[in-house]
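A short write-up of the structure that comes next.
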Amino acid sequence: HRRAQGRGKKGGPAVTRPPRIALFGGTFDPIHSGHLRSAAVVGRRFGLDRILFVPSNIPPHKARRDMAPARDRMAMVELALRGRPRFAASPIEIRAGGTSYSIRTLRRLRRLHPRARIFFIVGTDAFLEIKTWKEWRSVLDESLFIVMTRPGVGLAKARRAPGAEYADRVRPVGRTERVREDWFSASRIFLFPIDALDVSATEIRGRIREGRPLAGLVSAAVARYIRARKLYL
């Protein structure tokens with residue numbers, strides 16, 4: 001794990017900080033360049049050691065008839081993350097089966113990584129619905145949230161989304177501001193503006209049905225998989 005800056009008392013070895021592991025969940029139907037770009041930006045700024053891309057099994061908010069099977073969405077995530085050592089595809093929700101609830105996933109991760117700081121990466125649009133999540137207060141207690149801007153959705157509303165009781169736990173992070181370790185003991189929700197790519201899975205599925213190219217929107221390996229499996233037609 002990365003060492004903290006500086007050395008210990010009397011010139012001793014540097015003290016290691018807790019590893020920083022982030023959960024980046026979603027349907028990933030399909031995973032696209034916007035997901036990868038956002039995760040890379042967040043990972044660099046917050047010094048994340050590992051970002052787990054977690055495809056949902058049955059999403060509680062976004063279930064659709066035309067959603068690709070979980071095994072295909074998982075396979076596409078694995079293909080998209082090849083060659084990216086700090087990114088990993090996690091089958092934790094697919095293996096659990098049933099409806100995927102964030103609180104259950106966070107508790108499983110906590111058991112697997114008891115020493116880690118667990119972060120939850122989420123877009124502004126999803127965070128605005130935080131009060132509809134199962135055991136949402138526990139979700140906020142179990143992890144440190146990184147709420148990032150999404151195209152067309154700013155951070156102003158996100159600050160108010162969990163209610164006044166969480167106002168003192170919210171911390172905006174400037175685009176060039178250095179994130180400090182001591183922030184994590186006082187703040188639980190970080191509002192982070194990024195220049196997100198204006199691309200969506202909905203747009204990509206539409207392009208596939210219309211036979212339009214996917215260059216720049218998904219990786220070449222994912223595009224090949226979609227064609228081979230005849231997904232979204």
Side-chain angles (χ1 to χ4, degrees), residues 21-40 42-43 48 50-113 118-127 129-130 132-134 139 142-143 145-148 150 196-197 199-208 214 217-233:
I21 299 175
L23 184 161
F24 188 13
T27 53
F28 298 117
D29 194 31
I31 186 170
H32 54 69
S33 54
H35 295 130
L36 300 176
R37 162 82 175 273
S38 299
V42 171
L48 302 178
R50 199 158 183 79
I51 298 179
L52 303 177
F53 287 67
V54 183
S56 56
N57 185 55
I58 300 175
H61 293 89
K62 292 185 178 181
R64 304 185 328 273
R65 285 186 176 182
D66 65 341
M67 188 169 65
R71 66 178 181 277
D72 287 321
R73 292 183 284 111
M74 183 69 198
M76 288 187 285
V77 170
E78 290 173 339
L79 289 170
L81 301 188
R82 284 181 179 173
R84 299 173 183 267
R86 294 200 180 188
F87 293 173
S90 171
I92 190 169
E93 291 189 346
I94 292 174
R95 287 179 179 172
T99 302
S100 302
Y101 292 110
S102 297
I103 186 60
R104 294 175 182 170
T105 304
L106 285 169
R107 286 171 177 164
R108 291 187 191 105
L109 286 178
R110 175 59 60 198
R111 290 194 293 271
L112 291 170
H113 306 282
I118 303 295
F119 293 78
F120 198 116
I121 301 173
V122 65
T124 314
D125 48 351
F127 189 72
E129 301 177 350
I130 186 67
T132 69
W133 295 19
K134 183 180 181 67
V139 172
E142 290 279 344
S143 62
F145 265 67
I146 303 173
V147 184
M148 57 187 181
R150 294 270 290 152
L197 294 178
V199 55
S200 72
T202 302
E203 174 195 355
I204 291 169
R205 294 192 300 270
R207 294 177 73 94
I208 293 167
L214 301 180
L217 301 177
V218 301
S219 72
V222 170
R224 287 193 296 270
Y225 186 92
I226 290 171
R227 288 194 298 269
R229 297 284 295 175
K230 296 180 171 58
L231 299 178
Y232 310 119
L233 297 178

(message) Restricting to non-hydrogen atoms, name the atom on Ser90 and the atom on Leu52 that form the minimum distance, rounded to 0.1 Å.
(response) CB-CB, 4.3 Å
(message) To the closest 0.5 Å, what do you measure between CD1 (Ile51) and OG (Ser38)?
(response) 10.0 Å
(message) To the nearest 0.5 Å, what is the distance between CG on Leu233 and CG on Leu231?
(response) 7.5 Å
(message) Quick check: closest heavy atoms across Ala89 and Val77, and the distance to 0.1 Å?
(response) CB-CG1, 3.6 Å
(message) Holding to side-chain hydrogen bond (donor to acceptor under 3.5 Å, both in side chains), I want the full list of residues that pass it with Arg50, two or more places apart in sequence or in another chain.
(response) none
(request) Answer yes or no: is there a side-chain heavy-atom contact under 4.5 Å between Leu109 and Ile21? (result) no
(request) Write down the atom of Ile31, the atom of Met76, and the distance for their closest heavy-atom approach. (result) CG2-O, 3.6 Å
(message) Any side-chain to backbone donor/acceptor pair from Arg205 onto Asp29? Under 3.5 Å, distance only.
(response) yes
(message) Any non-hydrogen side-chain atom of Ile121 less than 4.5 Å from a side-chain atom of Leu48?
(response) yes
(request) State, with a plain yes or no, whether a side-chain heavy atom of Val199 is found less than 4.5 Å away from one of Arg37. (result) no
(message) Are the side chains of Phe145 and Ile130 in contact, using a 4.5 Å heavy-atom criterion?
(response) yes
(message) Quick one: does any side-chain atom of Ser143 pair with a main-chain N or O of Phe119 as donor and acceptor, under 3.5 Å?
(response) no
(message) Tell me which pairs pass ring-ring contact (aromatic ring centres under 6.0 Å, His included) where either residue lies in residues 64-96, with sequence neighbours left out.
(response) Phe53-Phe87
(request) Looking only at non-hydrogen atoms, find the nearest pair between Ala80 and Ser219 and report the distance. (result) CA-OG, 4.1 Å
(message) If I take atom CG from residue Leu214 and atom CD from residue Glu203, how far apart are they, to the nearest 0.5 angstrom?
(response) 9.5 Å
(request) Would you indicate whether Arg110, at its atom CZ, is surrounded by more than 12 heavy atoms from other residues, nucleotides or ligands within a distance under 6.0 Å? (result) yes
(message) Tell me the closest heavy-atom pair linking Leu81 and Ala88, and the distance in Å.
(response) CD1-C, 3.5 Å
When the side chains of residues 96-105 are checked against the rest of the protein, which donor-acceptor pairs come out under 3.5 Å, sequence neighbours left out?
{"unit_1": "Ser100", "atom_1": "OG", "unit_2": "Asn57", "atom_2": "N", "d": "2.8"}
{"unit_1": "Thr105", "atom_1": "OG1", "unit_2": "Glu93", "atom_2": "OE2", "d": "2.6"}
{"unit_1": "Thr105", "atom_1": "OG1", "unit_2": "Tyr101", "atom_2": "O", "d": "3.4"}

(request) Measure the spacing between CD1 of Ile226 and CG of Leu79 and express it to the nearest 0.5 Å. (result) 10.0 Å
(request) Name all pairs fulfilling the salt bridge (Lys or Arg N to Asp or Glu O under 4.0 Å) condition that reach into residues 72-81, sequence neighbours left out, sorted by first residue then second. (result) Asp72-Arg229
(request) Report yes if some heavy atom in the side chain of Glu142 is under 4.5 Å from a heavy atom in the side chain of Ile118; otherwise report no. (result) no
(request) With sequence neighbours excluded, tell me which residues meet side-chain hydrogen bond (donor to acceptor under 3.5 Å, both in side chains) with Arg107. (result) Glu135
(request) Please list, chain by chain and in numerical order, all residues satisfying ring pair (Phe, Tyr, Trp, His ring centres under 6.0 Å) with His32, sequence neighbours excluded. (result) His35
(request) Specify the closest pair of heavy atoms between Tyr232 and Pro30, including all atoms of both residues, with the distance to one decimal. (result) OH-N, 3.4 Å
